[in-house]
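Letters go in sequence order (proteins before strands), and every chain restarts at 1.
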Number of protein chains: 2
Amino acid sequence: MRARSDALMEIGRLLKTTRKGLSLTQEQVADMAGITRPRYRDIEAGSSAARTTTLINIARALRLELMLIPQAMVPAVDALLQPHDGDDDLPAFVASPDGGANA
Amino acid sequence: MRARSDALMEIGRLLKTTRKGLSLTQEQVADMAGITRPRYRDIEAGSSAARTTTLINIARALRLELMLIPQAMVPAVDALLQPHDGDDDLPAFVASPDGGANA
DNA sequence: ACAAAATGATGCATTAACGTATCTTTTCTT
DNA sequence: AAGAAAAGATACGTTAATGCATCATTTTGT
């Protein structure tokens with residue numbers, strides 16, 4: 001409800017972009033992820049820090065996978081994702097800077 | 001408290017492996033991530049679904065980054081992470097199958 | 001073998017994610 | 001322009017993540 005971290009907003013933007021790329025409504029994604037629309041809305045808006053399981057379910061509804069990448073490999077992974085020749089959906093990747101411990 | 005999904009246990013295993021590779025104690029990682037040791041312990045054991053912000057903080061304490069990768073790109077990213085010639089720490093990557101909507 | 005550190009584990013209080021309901025505002029479609 | 005659908009937003013109750021304290025067990029180091 002009162003999350004609002006940089007990372008959350010970045011994730012939210014990615015979710016929204018990906019969802020629109022798939023022409024899905026918030027309700028459809030929420031259903032697929034097993035949560036309600038108001039909750040999905042908060043997550044997409046970056047105003048709620050979803051549980052790990054919830055984020056994974058949302059990601060999969062959008063054909064994304066949550067991964068933990070060694071920081072040293074992030075540039076390489078980014079480069080790999082940049083020239084998305086085109087399979088079906090839109091590109092994606094997340095995370096970067098932040099700071100404040102919790103919340 | 002009673003999470004226990006496949007994905008959570010997989011993440012937990014990765015966190016533990018990475019932490020040991022960095023020779024850090026649970027307490028050190030918990031401190032860096034801004035949570036308590038009992039909580040970090042639960043997360044590492046896969047018995048608790050951390051909030052997104054918490055997972056990000058833990059990941060960064062372990063020099064990892066949370067990323068959402070298009071499923072179509074996962075094999076390529078995996079391949080990129082496999083032959084880690086030697087940068088600094090241990091390997092890493094996560095996620096796979098699961099199912100049950102929430103929790 | 002011993003001590004110390006690290007990890008496993010539990011109980012209780014607090015906080016925020018999540019569900020349900022309802023409303024308004026914006027964006028599509030015709 | 002009118003109507004419908006989607007998205008934005010808020011309130012309140014429930015549930016689980018988190019903090020704090022404290023135990024037992026395992027591992028590490030000397």
Side-chain angles (χ1 to χ4, degrees), chain A residues 1-62 66 68 98-103, chain B residues 1-62 66 68 98-103:
Chain A
M1 209 221 245
R2 64 166 90 107
R4 287 288 166 198
S5 88
D6 235 28
L8 290 187
M9 290 183 58
E10 207 173 326
I11 289 174
R13 276 192 293 272
L14 170 61
L15 296 182
K16 187 167 193 170
T17 301
T18 305
R19 176 176 63 79
K20 294 211 164 183
L22 294 174
S23 298
L24 295 172
T25 66
Q26 292 183 339
E27 192 163 41
Q28 288 176 314
V29 175
D31 280 349
M32 292 189 267
I35 62 176
T36 60
R37 189 182 68 82
R39 275 342 102 203
Y40 176 71
R41 180 203 154 275
D42 288 345
I43 294 166
E44 201 174 80
S47 60
S48 183
R51 291 173 195 156
T52 298
T53 45
T54 299
L55 181 59
I56 290 174
N57 289 333
I58 290 174
R60 289 179 180 163
L62 297 175
L66 184 152
L68 294 175
D98 191 57
N102 218 29
Chain B
M1 208 223 247
R2 66 166 89 107
R4 287 285 166 201
S5 88
D6 237 27
L8 290 187
M9 291 183 57
E10 207 173 325
I11 289 174
R13 275 193 293 273
L14 170 62
L15 296 181
K16 186 168 194 170
T17 300
T18 305
R19 176 177 62 81
K20 294 211 165 184
L22 293 174
S23 297
L24 294 172
T25 67
Q26 292 184 339
E27 192 164 41
Q28 288 176 314
V29 175
D31 280 350
M32 291 189 268
I35 62 176
T36 60
R37 190 183 67 81
R39 276 340 103 203
Y40 175 72
R41 180 201 153 277
D42 289 345
I43 294 166
E44 200 174 81
S47 59
S48 183
R51 291 173 195 156
T52 299
T53 45
T54 299
L55 181 59
I56 290 174
N57 289 333
I58 290 173
R60 288 179 180 162
L62 296 174
L66 184 152
L68 294 175
D98 191 55
N102 216 31

S.K.: Given that A:Q26 and B:I43 both sit by DNA chain D, which one's nearest nucleotide is further toward the 5' end?
M.R.: A:Q26
S.K.: Between N or O atoms, less than 3.5 Å apart, protein on one side and nucleotides 21-30 of chain C on the other: list the pairs.
M.R.:
none

S.K.: Take the protein atom CG of B:L15 and the nucleotide atom P of C:dT7, then report the distance between them rounded to whole Å.
M.R.: 13 Å
S.K.: About how many Å separate OG1 of B:T54 and CZ of A:R51, when rounded to the nearest 0.5 Å?
M.R.: 12.0 Å
S.K.: Could you state the atom-to-atom distance from CG of B:D42 to P of C:dT10 in whole Å?
M.R.: 10 Å
S.K.: At what distance, to the nearest 0.5 angstrom, does CG of B:D42 lie from CD of B:Q26?
M.R.: 9.5 Å
S.K.: Using whole Å, report how far CD1 of A:I35 lies from P of D:dT15.
M.R.: 18 Å
S.K.: Without swapping roles, check the side chain of A:T52 against the backbone of B:A50 for a donor-acceptor pair under 3.5 Å.
M.R.: yes
S.K.: Can you tell me if B:T54 touches the phosphate of D:dT18, counting only side-chain N or O atoms and a distance under 4.0 Å to OP1 or OP2?
M.R.: yes
S.K.: Within this structure, what is the CG-to-C1' distance between A:L8 and C:dA17, rounded to whole angstrom?
M.R.: 12 Å
S.K.: Quick check for you: among D:dA17, C:dA9, C:dC18, whose closest atom lies nearest to any side-chain atom of B:R41?
M.R.: C:dA9
S.K.: Separation of A:I56 atom CD1 from C:dA17 atom C1', in whole Å?
M.R.: 16 Å
S.K.: Residues in side chain to side chain contact (heavy atoms under 4.5 Å, CB included) with A:A30, at least two apart?
M.R.: A:I35, A:Y40
S.K.: CD of A:E44 versus P of D:dA7: gap in Å, rounded?
M.R.: 8 Å
S.K.: Could you give the distance from CG (B:L66) to CG (A:L55), rounded to the nearest 0.5 Å?
M.R.: 6.5 Å
S.K.: What is the distance, rounded to the nearest whole Å, between atom CG of A:D31 and atom P of C:dT20?
M.R.: 11 Å
S.K.: Name the nucleic acid region contacted by B:T25, choosing base, sugar-phosphate or nothing; use a 4.0 angstrom heavy-atom cut-off, strictly under.
M.R.: sugar-phosphate
S.K.: Could you tell me whether B:E44 and B:R19 have a side-chain N and a carboxylate O separated by less than 4.0 Å?
M.R.: yes
S.K.: Give one of base, sugar-phosphate or nothing for B:A45, where a contact means two heavy atoms less than 4.0 Å apart.
M.R.: nothing
S.K.: When the distance from CD of A:E27 to P of D:dG8 is rounded to whole Å, what number comes out?
M.R.: 13 Å
S.K.: If you check every side-chain atom of B:R51, which of C:dG19, C:dA9, D:dA17 has the closest atom?
M.R.: D:dA17
S.K.: When you compare the side chain of B:L15 with that of A:L68, does any pair of heavy atoms fall below 4.5 Å?
M.R.: yes
